[in-house]
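The structure under discussion appears below in the form of structure tokens.
Chain A is the first sequence line, chain B the second, and so forth, proteins listed ahead of strands; every chain is numbered from 1.
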Amino acid sequence: MDRSEFERRYAAARKELISRDFAGLNDMQKKAALTTEGPLLLLAGAGSGKTTVLINRIVNIIRYGRGSDCATAPSWATEDELAELEAAVERGARATEEERELLRVEPAEPWRILAITFTNKAADELKSRLFSALGEKAEDIWAMTFHSACVRILRRHIEALGYTKSFTIYDASDAQAVMKRVLKEMNVDEKMLPAKNVLGMIGRAKDALQSPEEYAEAAEKGYDPRVKKAAAAYKEYQARLKNADAVDFDDIIYLTVRLLTENKDVCEYYQNYFKYVLVDEYQDTSLLQYRLVSLLAGGRGNICVVGDDDQSIYRFRGATIENILSFEETFKNARSIKLEQNYRSTGHILGAANAVIKNNKGRKGKELWTDLGDGEKPRLYVADNEDEEAMYIAAKVLEGVAGGDNFRDFAVLYRMNAQSNRLEYAFKRQGIPYRVIGGVRFFDRAEIKDVTSYLCAVQNPADDLRLMRIINNPPRGIGTTTLETLRQKASEAGKPVFSVILDSAHIPELKRASAKLMDFARLIVELRAKSASMPLDEFYDLMLDKTGYLAALGDGDENIARVENIKELKSNIVSYMNGDEGPTLAGFLDEIALYTDLDSLEDKDNSVIMMTMHAAKGLEFPWVFVAGMEDGIFPSIRSIGEEEEMEEERRLCYVALTRAKKHLILTAARQRMLYGKTASNMVSRFVDEIPDEHIDKPEERRTRRSRYEDDDIFGEWQSRFPLGERRSQREAYPERQSSWERPTPRPTPRPAPRPAAPAGKPLLSLSVGDRIRHKSFGAGEVVKVVPMPGDALVTVNFEGTGEKRLMLKTAGAFITKE
DNA sequence: ATCATAACGCTTTTT
DNA sequence: GCGTTATGAT
């Protein structure tokens, strides 16, 4: 046998045997797991099992190295060994442990693998699944978020950039506080140039890898005076952070990229260190993150990115879809694999989602399919107003629960957080347990910021921001004038505020306050000493006590909740201590700085989940409601008329629809109160993009609004009109302005005509006390009837099963009157 | 220093 | 409509 024949056969047998370890995967998934070398683009549609692929690919790399993706035989291989492998192939079973030895080609040590995600949640999931696949070994894999990976690198090497290794991380509100201060001192009117905007501009500058100087240079060329102001603010802001030994979220990535570009040896170190780099959710990476990734993977070029161009919904935060669209041009010889089989949703749901996303231009082009069957059609419900919309959703949830599903199987998604209010109200009234994700975050609460500020001030003596936050909280008789002087002296001397405090006895303007300041300084110094010598949780209690913070809270209604939160933070500390070896204050602060509420989303409690569509990405639920399917809400008013924005909204719609496994219900309200004004909206254009074969729409519409007759009862419903005029209206006003300025004219006769007979088959009429028989629940008595628009919610006490709530329209078919 | 009132302004926000 | 923030008065 000549050498090339030998190599070919050896490689083929090796690949076949390796692939048998991954028998649970479909062909495309397997191909992805076995392609280990060079750049790889994995286009993974929603629900296509991409995490599974990622896990298996890592397992493969650790177990076999590049064995599955290598065309040559090892030089030591003999014909006997080839024969052994081919025999194993013939045998049809998985390789034995001895045969496996022959399959490996430079297997990678776990720590040579970097798997980057965006969220802690995704990182945790990756870690725990790697752990179940690999055991202990998984600990060493760098499976973490962009930010935590960069913090880890910076903690080692940041001194090259002039910060210290114990730098502090500033979150968004810290950054805003610093910027507000900067603008104030520059005498910039916040109304003309809000701190938020400036931070946004700085963020974009950092994304383009522009230093304050480079940004200022570019600003000089333009004519916008605000950009010039922003450039000056950038310089000052960055200087302050550096003085405080602090980095903001953007800096974490920006400084890492700077570090790697400016320090060849550090860069080479990491390029050597990591053999394989994987990036999840690649469609959401920014230019800067792309740079980071290509630097880290630059040595060997083994970079695998996983993403879905159709799920890119963070353009407004600097994500650029170009990264994924142009991957194959940027990385030469890239291979690309599409995962289009969806394991999550049934056919009609995918049909609807595919139909919507098809309207976007500039896609890689993918079409999800499933073998789970057609399933139920998505359905559109149009309510009169947001209250009725909320009631409908609540009723549907009860109906689903009566049918045997759990509350946790339901999710309600909406475009903006403000929409959650009415839904919450309806859910409360119906006694439905729910959880709202997002809104005010735990670590943004004032009391949590306060106590963490104490921890930061103890940890980092230069952290003026946190120091100033707590210096007079609880009140220590240190007034605003003293604080101003402190700030001024500190900036004059270019020293931290804390060192000015220590000198205060020698500074004339501070002499009077010196005693109080020194008391405070002694407190911090004492705490600093203690923090080094005692366990973190004990130190936390000591801090709360010595600072008098807890004692000063008192026991008002609100304060009880605050104390609860402070205790909650302690349980965070304890669980951090259990998880991390060698827990330190610095480590804990890192952890909480990079932590969000979404991470705590656990399905331990059986509640309906309510959240924005953005927050829902990556999640799945048997039942999904998408509320507020109205032009002006979704797509949002700001995106109408802007092609790019509209496409992003459409992707968001695609994300929302593909969260549903079995039941998908879209709801809209004809009228909605928003920002204190009533608006009439048309049903979202996205609904129109779904062909009738994949959606059930009401054929008729009611016009008059229902009224509540008492707390629980809707008024009788009124006459119906065909929904037909909507489409013709759209043709009459093709690029109409939003319906906010020009309410949709509706044929609303007042007083409304007598109720017309509903078109469908008449509803079974039930009243309290009726005896009924249900196909699956058996005999029962009607306890309560709540008329709903076009339907009714009936509560039945079944013999045996007890009380159940049913929607008459759906349950009617299973009910007979006795 | 702390509270009260007016005034604004408002998508989404993985870290 | 509501929640946050700035300002002024006690």
Rounded to whole Å, how long is the line connecting atom [atom1] of [X] with atom [atom2] of [N]?
X	N	atom1	atom2	result
A/I637	B/dT12	CD1	P	15 Å
A/M613	B/dT14	CE	P	16 Å
A/I252	B/dT14	CD1	C1'	13 Å
A/K196	B/dT13	NZ	P	12 Å
A/R422	C/dG1	CZ	C1'	9 Å
A/R672	C/dG1	CZ	C1'	14 Å
A/H147	B/dT13	NE2	P	16 Å
A/N473	B/dT2	CG	C1'	14 Å

(request) Would you classify A/F146 as touching base, sugar-phosphate or nothing, given that sugar-phosphate means primed atoms plus P, OP1 and OP2, and contacts are heavy atoms under 4.0 Å? (result)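 It contacts nothing in the nucleic acid.
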
(message) Applying a 4.0 Å non-hydrogen cut-off, can you work out what A/G618 is touching in the nucleic acid: base, sugar-phosphate, or nothing?
(response)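 It contacts nothing in the nucleic acid.
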
(request) Sticking with atom C1', work out how far C/dG3 lies from B/dT14, rounded to a whole angstrom. (result) 25 Å

(request) Using the C1' atoms only, state how far C/dA6 lies from B/dT11, rounded to an integer number of Å. (result) 25 Å

Nucleotide N/O of nucleotides 8-11 of chain B paired with protein N/O under 3.5 Å:
| unit_1 | atom_1 | unit_2 | atom_2 | d |
| --- | --- | --- | --- | --- |
| B/dT11 | OP1 | A/Y675 | OH | 3.0 |
| B/dT11 | O4 | A/E645 | OE1 | 3.4 |

Electrostatic pair [X]:[Y] at N-O distance under 4.0 angstrom:
X	Y	value
A/D384	A/R670	yes
A/R181	A/E484	yes
A/K449	A/D171	yes

(request) Between B/dT14, C/dG1, B/dA1, spot the one nearest the side chain of A/M673, thanks. (result) C/dG1

(request) Give the nucleotide from the list B/dT14, B/dA1, B/dT12 with an atom nearest to the side chain of A/D284. (result)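 From the listed options, B/dT14 comes nearest.
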
(request) Indicate syn or anti for B/dT12, taking the glycosidic torsion and treating anything within 90° of 0 as syn. (result) anti

(request) With sequence neighbours left out, write down each residue that passes ring-ring contact (aromatic ring centres under 6.0 Å, His included) with A/F118, or none if nothing qualifies. (result)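 With neighbours one apart ignored, the set is A/F146.
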
(request) Could you pick out which residue, A/L652 or A/G479, lies toward the 5' side of DNA chain B when each is mapped onto its nearest nucleotide? (result) A/G479

(message) With rounding to the nearest 0.5 angstrom, report the CD1 to CG distance, A/I357 to A/D310.
(response)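 Between A/I357 CD1 and A/D310 CG, I get 4.0 Å after rounding to 0.5 Å.
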
Pair up each side-chain donor or acceptor in residues 612-619 of chain A with any protein partner under 3.5 Å, not counting sequence neighbours, and list the distances.
| unit_1 | atom_1 | unit_2 | atom_2 | d |
| --- | --- | --- | --- | --- |
| A/T612 | OG1 | A/A615 | N | 3.1 |
| A/H614 | NE2 | A/I313 | O | 3.3 |
| A/K617 | NZ | A/D284 | OD2 | 2.2 |

(message) Taking the ring centre of each residue, are A/H157 and A/Y163 less than 6.0 Å apart?
(response)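 That pair fails the under 6.0 Å test.
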
(request) Examine B/dT14: is either OP1 or OP2 under 4.0 Å from a nitrogen or oxygen in the side chain of A/T117? Give yes or no. (result) no

